[in-house]
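Here the structure is a predicted model, which is why all the values come from computation and not from measurement. Numbers restart at 1 for each chain; the letters A, B, ... are given by sequence-line order, proteins then strands.
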There are 2 protein chains.
Amino acid sequence: MLYAPHVDSTPRVKMEDVARTAGVSVATVSKVVNGRYGVAQSTLTRVQEVIDELGYEASLGARSLRSHKTNVLGILVAEFEPFSTELLKGASSAVGATGYELLAYSGGGGGSVGWERRYLSRLSGTLIDGAIIVTPTVVEANTGVPVVAVDPHTGPTGLPTVDSDNYAGAVLATEHLVGLGHRRIGFLGGRTDLESARLREAGFRHAMEVAGLPVDESLVGVGGYRRETADAPARVLLDRDDRPTAVFAANDLSAIQVMAVAVELGMSVPADLSVIGFDNVPESALASPPLTTINQPLQEMGAEALRLLVDLIDGKDRSTHLRLPTELVVRASCAPPRH
Amino acid sequence: MLYAPHVDSTPRVKMEDVARTAGVSVATVSKVVNGRYGVAQSTLTRVQEVIDELGYEASLGARSLRSHKTNVLGILVAEFEPFSTELLKGASSAVGATGYELLAYSGGGGGSVGWERRYLSRLSGTLIDGAIIVTPTVVEANTGVPVVAVDPHTGPTGLPTVDSDNYAGAVLATEHLVGLGHRRIGFLGGRTDLESARLREAGFRHAMEVAGLPVDESLVGVGGYRRETADAPARVLLDRDDRPTAVFAANDLSAIQVMAVAVELGMSVPADLSVIGFDNVPESALASPPLTTINQPLQEMGAEALRLLVDLIDGKDRSTHLRLPTELVVRASCAPPRH
DNA sequence: AACGTTATTGATAACGTTATCGAATCGTGA
DNA sequence: TCACGATTCGATAACGTTATCAATAACGTT
């Protein structure tokens with residue numbers, strides 16, 4: 001393949017250029033750039049002037065290759081979707097105070113299992129001083145650099161972890177429906193391989209038991225966290241005479257699909273069917289009717305993960321498992337059952 | 001400062017390790033990794049096996065330092081706020097098809113003028129093959145790598161550019177107010193140094209003229225695009241007897257502040273005052289009342305910028321100035337004026 | 001059998017930076 | 001005047017990778 005035929009007019013000013021212009025060696029320039037001891041005041045100012053004049057900026061790649069200390073933190077995501085970008089915002093707002101810079105990395109959407117190890121290997125050792133990995137599928141503790149996992153698929157393990165309280169959130173959601181007077185409540189679960197899905201179902205069952213309500217197993221489906229995968233089980237749940245008066249879907253996307261199926265079957269939400277979701281993604285506020293759901297404090301989680309990572313790098317000892325609270329967000333998709 | 005006292009149990013498997021284990025030279029491993037011609041089928045499979053077994057992954061830093069071709073594209077933002085993360089999502093969704101990977105970079109929130117040149121210098125030449133810079137303040141054409149600017153502050157210049165039609169959007173907003181019957185319309189402009197602000201004001205004035213309405217200059221303020229900076233001018237606009245019946249604020253944040261001030265002064269929106277914004281940031285849908293505004297297709301802009309960048313790198317000739325259409329989003333903050 | 005071709009491999013030199021350490025310079029006290 | 005420590009500076013060797021090119025092996029040709 002041919003390289004692009006661009007004329008690279010400005011071939012990038014490197015340390016050597018600065019050194020030549022200032023009449024010193026590259027070693028001295030390096031010292032100035034990094035504020036090392038052992039350079040005379042006069043040369044320091046002169047070199048500094050040349051740096052400003054030429055607009056020199058150290059190459060991140062070269063620097064990290066040599067020094068293994070880059071002042072850059074990585075946040076590794078499978079792809080930039082709403083969930084991870086919310087975390088990114090949180091991490092970004094927290095990075096300001098730390099003196100680090102933030103680099104977000106995503107592969108070409110492949111999203112295969114084990115992506116986090118590949119990315120990490122690629123960037124660590126060179127390029128980044130530590131990393132936050134978002135919803136990793138495989139968590140191993142033996143990486144070269146400090147790593148914090150956010151919402152790992154397998155639940156907290158050897159790695160420092162930040163997640164939200166899926167269990168308590170599911171209890172909140174169920175209690176909300178029960179509080180409205182619902183007795184016959186359906187549950188549309190998430191991907192069975194995910195810890196979060198397991199916890200949400202457990203929270204649902206626990207709250208039902210506390211309320212003294214039996215769980216009708218024929219009203220428990222697997223929605224798979226996505227609209228396409230939630231469609232069929234939603235129909236099974238709703239297309240029957242003794243259908244539930246309310247459905248708790250394990251995430252917002254499947255809840256939105258439940259509402260769509262309900263309308264398609266001639267019901268109206270929330271008059272004929274109450275629906276509650278989980279996650280509070282931006283779409284949930286725009287759904288019609290706006291979806292009642294459980295909020296995960298994504299931005300806070302991102303910020304906390306970043307603070308945890310920095311403390312880890314600095315060798316500060318602190319709790320390495322953070323679980324942030326979830327909360328009920330009441331909108332318009334739930335109402336008391338008829339009669 | 002002391003380095004973190006972690007025991008780096010796994011010191012990172014490098015090419016040399018693979019070479020030793022497979023019984024070949026590093027040069028051969030490099031060829032295998034990069035799919036170069038000139039390695040026997042038998043050695044190829046053997047080396048590949050060792051790579052998989054050891055979990056080797058090339059160091060991005062070292063590779064790019066040497067080869068200047070990384071298959072990584074950068075998207076450079078001052079910080080990760082809603083505007084840039086929307087663009088990021090769009091770029092991310094478009095990168096999948098290209099075979100490139102995406103690296104988003106943000107400095108520590110400093111946000112000084114000229115950040116884009118610093119970041120670019122830092123990453124280009126090493127590390128990335130091309131970059132998208134988001135809302136750059138200074139645009140120079142002479143960078144070492146292909147660069148696409150999104151929504152540059154100074155308007156399209158020498159650099160390939162993607163932006164949205166600020167002028168037409170402002171016309172749409174003004175027409176909407178006029179169509180509702182408003183005659184006395186206030187305008188709260190943006191930052192005067194920004195091209196987008198200039199265009200939005202020009203669109204407003206044009207639409208007013210077309211409608212045959214004179215612009216009362218005392219009803220034109222400068223809101224500065226932020227809530228804090230919009231507060232005082234909003235008060236000036238509304239705290240008078242001959243106040244406007246509608247206000248077009250040049251972005252959503254200042255529109256939201258206008259609504260807040262109106263409520264504080266005892267008015268109700270939209271009964272006593274119609275307010276329209278610009279941008280359609282997520283917050284605008286959640287405001288009360290939900291804000292009528294002009295949508296910029298941010299995700300599309302991100303995706304188009306990425307496609308443009310890839311074409312540029314591949315040397316494909318194509319139009320280098322893309323202007324995407326804006327559209328009116330009607331929510332609940334505008335109504336006909338009283339009487 | 002001697003030779004030329006082609007396929008395969010590995011030494012070696014970059015890439016731009018930082019860490020180390022020895023050399024040069026300058027004072028200063030004896 | 002000499003010796004010695006303190007200060008300032010620069011040569012040089014890494015860091016992990018890829019590009020180049022020479023060396024070698026294997027094979028077919030005359």
Base, sugar-phosphate, or nothing: which does B:A40 touch, judged by heavy atoms less than 4.0 Å apart? sugar-phosphate
Do the side-chain N and O atoms of A:E116 and A:T137 include a donor-acceptor pair separated by under 3.5 angstrom? yes
Let me know the distance between CG of A:N71 and C1' of C:dT17, rounded to the nearest Å. 15 Å
Roughly how far, to the nearest 0.5 Å, is CG of A:D151 from CG of A:L324? 11.5 Å
Under-4.0 Å side-chain N/O to phosphate OP1/OP2 contact, A:T43 with D:dC9: yes
Ignoring hydrogens and angles, state whether a donor on the side chain of B:E57 or A:S121 is under 3.5 Å from an acceptor on the partner side chain. no
Euclidean distance, atom CD1 of residue A:I51 to atom P of C:dT17 [Å, nearest integer]: 11 Å
Out of D:dG16, D:dG10, C:dA19, which has the shortest distance to the side chain of A:S67? C:dA19
Below 4.0 Å: OP1/OP2 of D:dA19 and any side-chain N or O of B:R36: yes
For atom NE2 of B:H68 and atom P of D:dT17, their distance in whole Å: 16 Å
For A:A19 and A:S25 the tightest heavy-atom approach is CB-C, 3.7 Å
Sugar-phosphate, base or nothing in reach of B:S59, heavy atoms under 4.0 Å: sugar-phosphate
Picking from C:dG10, C:dT17, D:dT17, which would you name as closest to the side chain of B:K31? C:dG10
Among the candidates C:dG10, C:dT18, D:dT18, find the nucleotide nearest to the side-chain atoms of B:N34. D:dT18
So which nucleotide from C:dT9, D:dG16, D:dT17 ends up closest to the side chain of B:L65? D:dG16
The residue, B:A27 or A:V26, whose nearest nucleotide of DNA chain D is more 5′ is A:V26
Rounding to a whole Å, what distance do you find between A:M15:CE and C:dA19:P? 10 Å
Could you check how far OH of A:Y37 sits from C1' of D:dC9, rounded to whole Å? 13 Å
Given atom CG of B:D17 and atom P of D:dC15, what is their separation to the nearest angstrom? 12 Å
Any donor-acceptor pair under 3.5 Å joining the side chain of B:R66 to the base of D:dT17? no
A:R20 and A:D17 ion-paired at < 4.0 Å: yes
Ion pair A:E49/A:R46, N-O distance below 4.0 Å: no
Value in whole Å for how far the C1' atom of D:dT17 lies from CG of A:L127: 14 Å
Using purine N1 to pyrimidine N3 plus N6-O4 or O6-N4 for Watson-Crick, or N1-O2 and O6-N3 for G-U wobble, both under 3.5 Å, which nucleotide pairs with D:dT30? C:dA1
Distance-only donor-acceptor test, B:R63 side-chain atoms vs D:dT17 base atoms, 3.5 Å: no
Looking at C:dT18, D:dT17, D:dG10, which one has an atom nearest to any side-chain atom of B:K14? D:dT17
Within the 4.0 Å heavy-atom criterion, would you say A:V33 contacts the bases, only the backbone, or no part of the nucleic acid? nothing
Let's see if you can work this out: which of D:dT7, C:dT18, D:dT17 has an atom nearest to the side-chain heavy atoms of B:Y56? D:dT17
Strictly below 4.0 Å: does B:T28 bring a side-chain N or O up to OP1 or OP2 of C:dG10? yes
To the nearest angstrom, how far is B:E57 atom CD from D:dT18 atom C1'? 16 Å
